Amino acid sequence: MAINAPAHSFSQEPDIRLEDYLDDKLQSTTDLDNLDGLLANVEVQRTQLQTQLDDATRELQDVRRAAQDRQNGISSSIREFQKLQESIDVRLKIVAESDAPEEAIRRLEQPMKQLHKVDLAYQYVLLLQDVENLRLEARSHLPQNPKAALQPYSRLKKLSLRLRELQRVADEAATHLVDYVERITESLWDEMKNTMSKELENILKKRNWPQGVDTDAEMDAEWLQCFEKLIDLQVSEILYTDAVVALLPFEVMAKPFVQWFNFQFLGDTTTSSPQAFGTFCIPQFLSLVDKWEGFFRDNVGYVLASRFHNTKVRHMSVYMDPACALITALLPVMREKINAMVQHGLKHSQSLSSLMVQLMDLDDEIRSKFNYDGGHPDLGWAGLTSEVLAKHFDDWFKAEKDFALERYNVIMNSPDSRNIDYDYSGAGKMKPTFGAVRVTDLLKSVTSQYERVRKFSHKLQFLIDIQLDILDDYHDRFKDSLDTYYTLSSTLGRTLHGLTKEQAAALEGTGAFETLCKVLGSTDHIIATLKDWSNEEFFVTLWEQLQTRAKRSDSGGNITGGMSYESVKDRTSAVVGLDGDSGILFDETIAAYTNRRKTAEEYLVTALIDSHQKVFRPYIAKAQWTTISDNSRIETSQLSVTPELDEPLSIIKRNLTFLAAALSTAVYRRVWREALDKVQDMLWANILMTQSFTTLGAAQFMRDLEAITSLIDRHIPDGSAALGTLLDGSALLNLPIEVENGAVSLQQATDRVFTDNTEAKKLLTELDLESLTPANARKILQRRVENSE
């Protein structure tokens, strides 16, 4: 059999694999019988191999042609790219030299904007579709399954909140869309609440609520189930809202109460009048809550606890306490009544003032009786008063200030305002004027008006702009009074301004004392009152709040409202904003009044001294101390008082009696100690150190001093101690000429005193006259006529 194969496929070298094949197939002679089969098999294999070789050859040719075509395509693309690049370079050059791109951009701006609007509108439509789907889904679950309805509503609510957040970042863009989604969300929520509310209203109507329900009755299962549905509907709203939310079932059940309230207090009945607000409206409101408090707590208290005990509102009484939830539901209608009362009060300031007191009483009653916290368990409920003051504080403040100033002016202009109130306190206490007592009473009433106000700035404004203003004006009156007194009483003042008869008459007798005691007693009363107030809890707390705010602000900033740090500091205390525990609210005021009190006391001492100096002039000028007596031993008790001393004794007694009634014991003794010091100096210098004395004259002087000291001691226990040195000098002056029983005679004393200081001090110690110095003792003994002979 011939084998067709390419000539180049044969080789002259033997094929080892062929030899191995033949050796394997032709191992014996018998194998030659199978030679034809063997050749046929070889031919088949050759044919298969040739077929495979032909296929491979064709594939190779196809690949080569494809590669060539691809190479040609790439070359063509390269050439086209190069041409395009050259074209681009040419056009770029042209573009660089012309304004064609800007024109093209301008032409494209409008189409691009329109395209953007179309895309935005498409997104809007999708969003609105989502909103509508969520709304329909929520509605489909009502009223059977409010919890299921909350899921799509919650998604819609979150979408609304998210859109509002994005709008703020995007400079308030898409206003209509955001508002629309919010309106849909709110309308859906209202629809959900209305749907569920109608179910409860039908139940209440069947039970004739509230007339047909006893306060001790129990709510049936259907009632409770509907109540729980409404609570479940609101749970998410309550947990994701910071504001206080009225519980829906309580709003529904409170509708009959609201209708009753509207009829009674917001209609045309007599109970709707402003005069009936405090006497009828408020008591009836509180009575209503008190009546149904037990009913709600017994029936639904556990429902509220089960829904909220493990939530963030578990400490809020408005959600945990049914009575407080009822109050929350009723407060809107009370606010409506209060708004009407405020409008009336704005036209009648007196009504506005009384209204605020009534509101504060109402707030306190709600807080204390029902433990209502208004959703703020830590800070407590701000109260209806705070809501009114947030809008009308300036109106109320003006009314209170006008009333206080009007009352203050009435007090100042009253006939007895400047009279001393001797019955104000017992003996030994300072006596203020009637005006001072009434002013402090007025200030106390002002405090009672604002002490329950919760806002710090409001309280501080009342303190500074009403109370301290009144105190400053009253202080200025005292200052003017003292300045006028000084002008009238001083020689320079009388010379410059003159003195009328009426003014002179007012200063005669105890007139000057009375003028000064009025100032002294009144300023002391104001100081004592302010110090007492500074220890009261209200003013202590106000001071602590002021300190806290002052430390947070710099010296140039405002502490609160329109009050700067410096202005508040000047009106209250110099230590405002400083560290330490010193300082009170009234430091500056007390300091000012203390200065006036000190000045009045100094003037009083001066007036007392002037009174004594004037009345003692005849006694000093006319008394004769050199009268001779035959009796060398004279008992002072046998002598009568010098006639010229009668007037001084009478004046001293008058002064003692008058001042004892007006001054406190401490001030009384202090004033008289200084005045008696001057009396001692006057008698010491003008009589004891100036006059010559016989035995009788010395005894007479001693008798006169005994009369003076006896009078003083009757009014001031041990008050004569102020004249101690003068009495010792008189005792030394009265040493007898002749002595018995080892007593010291005048001559012996004289000899010892003039020996030396040591002997003189020894003598004075023996005579118990240690207040005298040796020099004074020598001068006194030289005044005895007997020592001059």
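All figures in this text were calculated on a predicted structure; none of them were measured in a lab.
Taking the ring centroids of Phe285 and Phe277, they lie at or beyond the 6.0 Å cut-off. In this structure, the ring of Phe462 has its center less than 6.0 angstrom from the ring center of Trp396. Taking the six-membered ring for Trp and the full ring otherwise, Tyr450 and Phe397 have centroids separated by 6.0 Å or more. For an aromatic pair to be called close, the ring centres must be under 6.0 Å apart, and Tyr474 with Phe478 satisfies this.
Put simply, the side chain of Lys337 gets close to the backbone of Phe265: a donor and an acceptor are under 3.5 Å apart. In this structure, the side chain of Ser417 does not engage the main chain of Ser414 through any donor-acceptor pair within 3.5 Å. Here the side chain of Ser573 pairs no donor or acceptor atom with the backbone of Asp587 at under 3.5 angstrom. In this structure, the side chain of Ser354 engages the main chain of Ser351 through a donor-acceptor pair within 3.5 Å. Under the 3.5 Å distance criterion, the side-chain polar atoms of Glu400 are left unmatched by any main-chain donor or acceptor of Gln449. Although no hydrogens or angles enter the test, the distance criterion places a donor-acceptor pair under 3.5 Å between the side chain of Gln467 and the main chain of Leu443. Side-chain N or O atoms of Tyr603 include none that pairs as donor or acceptor with a backbone N or O of Ala512 at under 3.5 Å. A distance-only check finds a donor-acceptor pair linking the side chain of Ser564 to the backbone of Ser567 [under 3.5 Å]. For the pair Tyr424 (side chain) and Thr433 (backbone), a donor-acceptor distance under 3.5 Å is absent.
Taking the side chain as every heavy atom from C-beta outward, Ile584 and Phe539 never approach each other to under 4.5 Å. Contact check for Cys517 versus Leu659: side-chain heavy atoms found under the 4.5 Å cut-off. For the pair Leu663/Arg669, no side-chain contact is recorded, criterion being any heavy-atom separation below 4.5 Å from C-beta on. Under the 4.5 Å side-chain criterion, counting only non-hydrogen atoms from C-beta, Leu362 is in contact with Leu286.
By the neighbour-count criterion of 12 heavy atoms within 6.0 Å, atom NZ of Lys347 is sparsely surrounded, having that number or fewer from other residues, nucleotides or ligands. Atom CZ of Phe403 has 12 or fewer neighbouring heavy atoms from other residues, nucleotides or ligands inside a 6.0 Å radius. At most 12 non-hydrogen atoms from other residues, nucleotides or ligands lie less than 6.0 angstrom from CG of Asp718. Shown here is Lys455, whose NZ atom has no more than 12 heavy atoms of other residues, nucleotides or ligands within 6.0 Å. The 12-atom threshold is not exceeded at CZ of Arg418, counting heavy atoms of other residues, nucleotides or ligands nearer than 6.0 Å.
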Inset, instruction - Test side-chain contact (heavy atoms from CB on, under 4.5 Å) on Lys551 and Asp579 and set out the steps. - result: CA-CA 8 Å; Lys551 290 176 182 178; Asp579 295 329; 3.7 Å; yes

Inset, instruction - Show your working on side chain to side chain donor-acceptor pair (under 3.5 Å) between Tyr593 and Ser522 and close with a plain yes or no. - result: CA-CA 9 Å; Tyr593 275 87; Ser522 296; over 6 Å; no

Inset, instruction - Step by step, work out the side chain to side chain donor-acceptor pair (under 3.5 Å) result for Asn371 and Ser317. - result: CA-CA 7 Å; Asn371 196 30; Ser317 64; 5.7 Å; no

Inset, instruction - Begin from the C-alpha positions of Glu588 and Thr572 and carry the test side-chain contact (heavy atoms from CB on, under 4.5 Å) through to its verdict. - result: CA-CA 5 Å; Glu588 294 300 316; Thr572 55; 5.8 Å; no

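Expressed to the nearest 0.5 Å, how far CG of Asp677 lies from CH2 of Trp672 amounts to 12.5 Å. Of the inter-residue distances, the one linking Thr606 atom OG1 with Tyr486 atom OH reads 9.5 Å to the nearest 0.5 angstrom. Here the CG-OG1 distance, from Asp361 to Thr385, works out to 8.5 Å after rounding to the nearest 0.5 Å. Note that the CZ atom of Arg454 and the CE atom of Met360 stand 11.5 Å from one another [nearest 0.5 Å]. Here the straight-line distance linking atom CG of Leu389 with atom CG of Leu384 works out to 11.0 Å at 0.5 Å rounding.
Ion pair Arg367/Asp364 flagged as a salt bridge, since at least one NZ, NE, NH1 or NH2 atom sits closer than 4.0 Å to an Asp/Glu carboxylate oxygen. Between Asp421 and Arg438 there is no salt bridge, since none of the side-chain N atoms of the basic residue sits less than 4.0 Å from a carboxylate O of the acidic one. A salt bridge does not link Lys678 with Asp610: none of the charged nitrogens is closer than 4.0 Å to a carboxylate oxygen.
Looking at Thr447, Asp469, Leu542, Val446 one by one, the single match for side-chain contact (heavy atoms from CB on, under 4.5 Å) with Leu463 turns out to be Leu542. Results of the side-chain contact (heavy atoms from CB on, under 4.5 Å) test with Tyr319 over Leu239, Ile238, Leu304 single out Ile238 as the only residue that passes.
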